[in-house]
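Heads up: the structure comes next, in structure tokens.
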Amino acid sequence: MLSTDTLRFTGAYTTLLTPFGPSGELDEAALRRLVDFQIENGVTRLCPNGVTGEAAALTDREKVRITEIVVEQAAGRALVLPDMGTENLTRTLELAKEAERLGADAVLAFTPYLDPPTERGLVAYYRTLADAISVPLLMHNLPGRTTVDISPDQVAELAQHPNIAGIKEGNQDIVRMRRMLHLVRDSDFVVLCGNDFTALPTLLLGGHGHISVAANVMPRQSRSIVDAALAGDFVTARDLYLKFAEFYRAIYFATNPIALKKAFSIAHFEVGDPRLPLTPLAEGRVAELEQIMKSCELI
């Protein structure tokens, strides 16, 4: 049973891209415009500094500034959950506390990497983070990027911590997702799908929301899919989801967010190229991306 405090973390999210200017600098004006665009189109849960936001290419100072801008621009109109995870516990703690100071509603933290933790070490890592901040902590599992995978049993154990409110699950194994949902079914804990490919199956199995990459480009449509699924209107959710399935595939023509940034700039306004070592989408794929966007009625 979800408490009132935890219920606010159910629903549709966008993991925000990070706009850059012509010289690769943070484009603060475009970021503010992106926040407004999301809120005006119905997505009121925003996650800056994630993988889609090119976290690995951001300095700690930039992560703090991005969080500050998103909180300021949202101005209470949306929940803000920045991802402050790093490979270092002390560094993550410092960033999480900065996010709390700036007014973030909760903090996301992906698993540590480079030095893969033991099972007990990973549990202790998240408990230490949760103990150190007053705002809720949501774990972020993304084994495809970090090589570290939080098991369903570890998730169930950590779900008992009073300040760990949920998980953004990026593992695409839907059988594994079903087991996790079963293990936490009686906990005050949300399970949010962290990828666009298994979002609908997760919601059908009892998941509590979707933190979407594609929602940068299609916030209104993403919100409609999640709302329909959470309301039990699975036919509407399925039909909408299938309408955009090819777009979900297209935004992974290259490492996220390469194709996403091009798609956003095509559909809405300029957000710049990704930072090195990522490079702009190959010209040969741009026409294919545009054709798919047209077929999905995104342009």
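Note: hydrogens, waters and symmetry copies are ignored here, and every other heavy atom, side chains too, is used. This structure is a prediction, so every number in the text was calculated from the model and none was measured.
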Restricting to side chain to side chain contact (heavy atoms under 4.5 Å, CB included), what partner residues turn up for [X], sequence neighbours left out?
X      : value
Asn163 : Ala130, Ile133, Pro136, His161
Glu28  : Leu26, Arg65, Ile69
Pro280 : Asp273
Ala132 : Leu93, Lys97

Is the backbone of [Y] close enough, under 3.5 Å, to the side chain of [X] for a donor and an acceptor to pair up by distance?
X      : Y      : answer
Arg45  : Leu79  : no
Asp188 : Ser3   : yes
Asp105 : Val80  : yes
Glu100 : Ser134 : yes
Thr86  : Asn88  : yes
Gln221 : Ala215 : no

salt_bridge(Arg176, Asp149) N-O dist < 4.0 Å: yes
With under 30° as parallel and over 60° as perpendicular, where do the rings of [X] and [Y] fit, or are they tilted in between?
X      : Y      : answer
Phe197 : Tyr252 : tilted
Phe37  : His268 : tilted
Tyr248 : Tyr241 : tilted

Ser151 vs Val155, side chain to side chain contact (heavy atoms under 4.5 Å, CB included): CA-CA, chis, key distance, verdict: CA-CA 6 Å; Ser151 72; Val155 172; over 6 Å; no
Residues pairing under salt bridge (Lys or Arg N to Asp or Glu O under 4.0 Å) where one sits in residues 47-56, two or more places apart or in two chains, turn out to be Glu54-Lys261
Quick one, Arg120 with Glu157, criterion salt bridge (charged side-chain N to carboxylate O under 4.0 Å, His left out). Give me CA distance, side-chain angles, the key distance, then yes/no. CA-CA 11 Å; Arg120 303 319 306 161; Glu157 180 179 354; 2.8 Å; yes
Between the side chains of [X] and [Y], is a donor N or O closer than 3.5 angstrom to an acceptor N or O?
X      : Y      : result
Asn216 : Thr52  : no
Glu169 : Asn141 : yes
Tyr125 : Thr92  : yes

Would you kindly check if the NZ (Lys) or CZ (Arg) of Arg145 is within the cone defined by 45 degrees around the ring axis of Phe110 and under 6.0 Å from the six-membered ring centre? no
Please enumerate all residues that pass side-chain hydrogen bond (donor to acceptor under 3.5 Å, both in side chains) together with Glu297, with sequence neighbours excluded. Lys243
Heavy-atom count check: over 12 atoms from other residues, nucleotides or ligands less than 6.0 Å from Arg249 CZ? yes
Answer yes or no: are there more than 12 heavy-atom neighbours, outside Glu288 itself, under 6.0 Å from its atom CD? yes
